[in-house]
Amino acid sequence: MENKKQALIIVVGPTASGKTDLAVKLAKALETEVISADSRYFYKGLNIGTAKPTKSEMQGVTHHLIDCTTVDNPWSLGEFRTHALKLIKEINSKGKIPILVGGTGQYIRAITKNWNVPTIESDEGLRITLENWAKLIGKKELWNKLKIVDPEAAKKIDFRNLRRTVRALEVILKTGKRFSGLRNFSDNPLNSLTLGISWPRDLLYKRVDFRIDQMIKQGLVAEVNDLVSQGRDELLRRIGIIGYTEIIDYLEGKLTLEQAVKLIRKNTRVFIRTQSNWFKADDPNIYWLDGKDPALLVKALDLTKNYFANQGIILGMP
RNA sequence: GCCGAGUUAGCUCAGUUGGUAGAGCAUGCGACUGAAAAUCGCAGGGUCCACGGUCCGAGUCCGUGACUCGGCA
């Protein structure tokens with residue numbers, strides 16, 4: 001690696017767009033490794049419902065940051081960032097450019113915008129206390145408390161967004177420092193190429209509906225049942241994972257299976273829309289590729305080789 | 001054929017004693033310095049089945065027709 005900057009290939013796109021497949025094929029062609037930027041692939045035991053790539057789908061390509069923890073010990077963005085940066089460095093030092101692939105926009109941005117993340121562990125007890133306090137005095141009042149101790153942070157947080165108010169207060173109470181003071185970011189410190197996979201919405205929705213039916217056939221209910229019987233249902237609910245909370249409701253008799261599946265479809269569609277806020281069609285830093293294009297892989301490979309060749313970096317075998 | 005109920009947004013439906021229409025879902029857009037598959041905000045969209053009548057004014061009242069769903073033959 002001649003270039004002193006760390007180099008990285010990034011693959012983004014909404015759920016069910018074919019990121020995993022493209023990343024594996026790119027990795028094989030370029031003889032490199034994959035780093036997952038998917039916040040739900042971290043957890044052991046969440047396989048079917050998260051559409052985690054299987055061993056055979058990985059086709060022998062080394063994948064990092066998959067099954068690296070359990071729901072009892074949720075990873076934060078900070079932990080992801082620390083590990084991802086370390087892996088990028090390691091793989092670069094082997095003369096390879098890793099492929100960062102995932103649908104968690106915030107995580108991708110934390111890498112490309114070099115967010116500096118304070119490593120403050122979450123405190124579930126404190127969070128619950130703050131949430132209960134908000135129930136008593138109201139979201140707005142809790143936000144007003146934040147405004148007193150950290151007006152800068154309050155200014156950037158919608159008072160209706162309780163979750164962010166709670167997080168800001170949590171950080172302040174745990175560190176004694178202002179939340180707003182712990183924030184900083186910089187320009188992209190990496191030499192990175194971002195590939196995006198795009199689909200017309202209606203087609204993507206059809207792919208998602210099909211995939212959800214497949215998940216049910218592959219035994220999503222049994223997978224969730226296992227987690228529930230291990231007493232993990234409350235943890236799963238607090239993390240909030242599409243496909244799991246709905247099936248828990250089914251197992252608890254709050255929904256029929258049909259209602260649960262319908263709700264999974266709905267929630268996945270909403271997810272696709274909010275996901276698109278992180279990967280926009282007019283983002284000049286993303287090279288968008290048509291997901292339906294049979295030549296997707298060839299085009300992605302050409303783009304990648306050309307991009308790095310312009311900087312004197314030759315990828316793959318001649 | 002007769003009797004009843006209905007026809008309003010893409011879907012399911014509200015709509016007061018007549019004053020040119022609302023909700024939920026869906027759809028689209030957006031925020032987000034870190035719990036993010038989370039949390040939250042905004043918007044577009046209607047020949048009110050058709051035609052005629054009454055009225056200053058009809059989604060609303062009257063008539064005729066079309067279609068849908070029940071019940072009876």
Side-chain angles (χ1 to χ4, degrees), chain A residues 14-16 36-43 46 49-52 69 71 73-82 84 102-124 126-128 130-131 134 139-140 142-143 150 152-172 174-175 177-186 200-202 204-205 208 211-212 215 235-247 259 262-282:
Chain A
T15 193
S36 169
D38 192 306
S39 63
R40 307 289 118 132
Y41 286 179
F42 298 157
Y43 305 106
L46 310 188
T50 58
K52 191 185 284 172
T69 185
V71 290
N73 181 29
W75 265 26
S76 67
L77 174 61
E79 276 151 311
F80 163 77
R81 189 171 168 275
T82 306
T104 307
Q106 188 194 36
Y107 284 30
I108 302 271
R109 193 164 295 173
I111 298 294
T112 62
K113 294 288 176 190
N114 202 24
W115 287 1
N116 198 6
V117 182
T119 46
I120 297 157
E121 279 181 27
S122 67
D123 184 333
E124 290 302 312
L126 179 57
R127 285 176 179 182
I128 290 164
L130 289 167
E131 281 163 16
K139 290 178 188 179
K140 180 98 189 231
L142 192 69
W143 179 84
D150 190 346
E152 199 61 30
K155 216 164 87 184
K156 295 222 169 195
I157 295 172
D158 186 331
F159 75 88
R160 286 164 292 211
N161 196 337
L162 178 64
R163 199 130 172 173
R164 299 203 58 226
T165 305
V166 168
R167 173 60 185 171
L169 286 169
E170 179 189 46
V171 172
I172 292 163
K174 296 287 277 189
T175 64
K177 290 176 189 163
R178 283 186 178 173
F179 184 61
S180 58
L182 294 166
R183 310 187 291 195
N184 71 71
F185 58 93
S186 65
R201 279 281 165 81
D202 54 345
L204 190 61
Y205 289 167
V208 155
R211 190 161 89 170
I212 292 165
M215 286 174 180
L235 278 166
L236 287 170
R237 275 193 201 282
R238 272 189 82 78
I239 296 174
I241 310 173
I242 297 169
Y244 292 79
T245 44
E246 298 88 343
I247 297 296
Q259 286 170 327
K262 217 173 152 189
L263 203 57
I264 294 172
R265 284 199 202 109
K266 179 199 145 169
N267 290 337
T268 306
R269 288 175 181 211
V270 173
F271 170 50
I272 285 171
R273 279 180 243 139
T274 50
Q275 222 178 3
S276 315
N277 281 314
W278 296 95
F279 317 120
K280 302 210 194 226
D282 59 359

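Note that this is a predicted model, so its numbers are computed, not measured. Below, chain A is the first sequence line, B the second, and so on; all start at residue 1.
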Find the distance [X]:[atom1] to [N]:[atom2] and express it as a whole number of Å.
{"X": "Arg81(A)", "N": "A36(B)", "atom1": "CZ", "atom2": "P", "answer": "16 Å"}
{"X": "Asn73(A)", "N": "A35(B)", "atom1": "CG", "atom2": "P", "answer": "14 Å"}
{"X": "Gln259(A)", "N": "C25(B)", "atom1": "CD", "atom2": "P", "answer": "16 Å"}
{"X": "Glu170(A)", "N": "A35(B)", "atom1": "CD", "atom2": "P", "answer": "7 Å"}
{"X": "Lys155(A)", "N": "A31(B)", "atom1": "NZ", "atom2": "P", "answer": "18 Å"}
{"X": "Asn277(A)", "N": "A31(B)", "atom1": "CG", "atom2": "C1'", "answer": "8 Å"}

- Where does RNA chain B pair, written as one dot-bracket string 5' to 3', with Watson-Crick or G-U pairs under 3.5 Å, ( ) inside the strand, [ ] for crossing pairs and | for another strand? (((((((..((((.....[..)))).(((((.......))))).....(((((..]....)))))))))))).
- Item | Partners passing side chain to side chain contact (heavy atoms under 4.5 Å, CB included) against Thr268(A) (at least two apart in sequence or in another chain) |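 Scan of Thr268(A) (side chain to side chain contact (heavy atoms under 4.5 Å, CB included), adjacent residues dropped) gives Thr15(A), Val208(A), Ile212(A), Ile242(A), Ile264(A).
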- Task: Tell me, please, which residues at least two apart from Asp38(A) pass side chain to side chain contact (heavy atoms under 4.5 Å, CB included).
- Result: Ser36(A), Arg40(A), Tyr41(A), Thr104(A)
- Item | Between A58(B) and C13(B) - P atom distance, rounded Å | 28 Å
- Query: ring-ring contact (aromatic ring centres under 6.0 Å, His included) with Tyr244(A): which residues, sequence neighbours excluded?
  - Reply: none
- With sequence neighbours excluded, tell me which residues meet ring-ring contact (aromatic ring centres under 6.0 Å, His included) with Tyr43(A).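 In terms of ring-ring contact (aromatic ring centres under 6.0 Å, His included), with neighbours along the sequence ignored, Tyr43(A) is linked to no residue.
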Can you pull every protein N or O that's under 3.5 Å from an N or O on nucleotides 39-42 of chain B?
residue: U39(B); atom: O2'; partner: Asn161(A); partner atom: OD1; Å: 2.2
residue: U39(B); atom: O2; partner: Asn161(A); partner atom: ND2; Å: 2.7

Return the set of residues passing side chain to side chain donor-acceptor pair (under 3.5 Å) with [X] (not counting sequence neighbours), or none when no residue passes.
{"X": "Arg109(A)", "value": "none"}
{"X": "Ser276(A)", "value": "Arg201(A)"}
{"X": "Asn267(A)", "value": "Glu246(A)"}

- Item | Short side-chain N/O contact to A26(B) OP1/OP2 from Lys266(A), under 4.0 Å | yes
- Are side-chain heavy atoms of Arg238(A) and Arg127(A) found at a separation under 4.5 Å?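 Yes, their side chains come closer than 4.5 Å.
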- Task: Show the numbers, then the answer: is there a side-chain contact (heavy atoms from CB on, under 4.5 Å) between Thr165(A) and Lys139(A)?
- Result: CA-CA 8 Å; Thr165(A) 305; Lys139(A) 290 178 188 179; over 6 Å; no
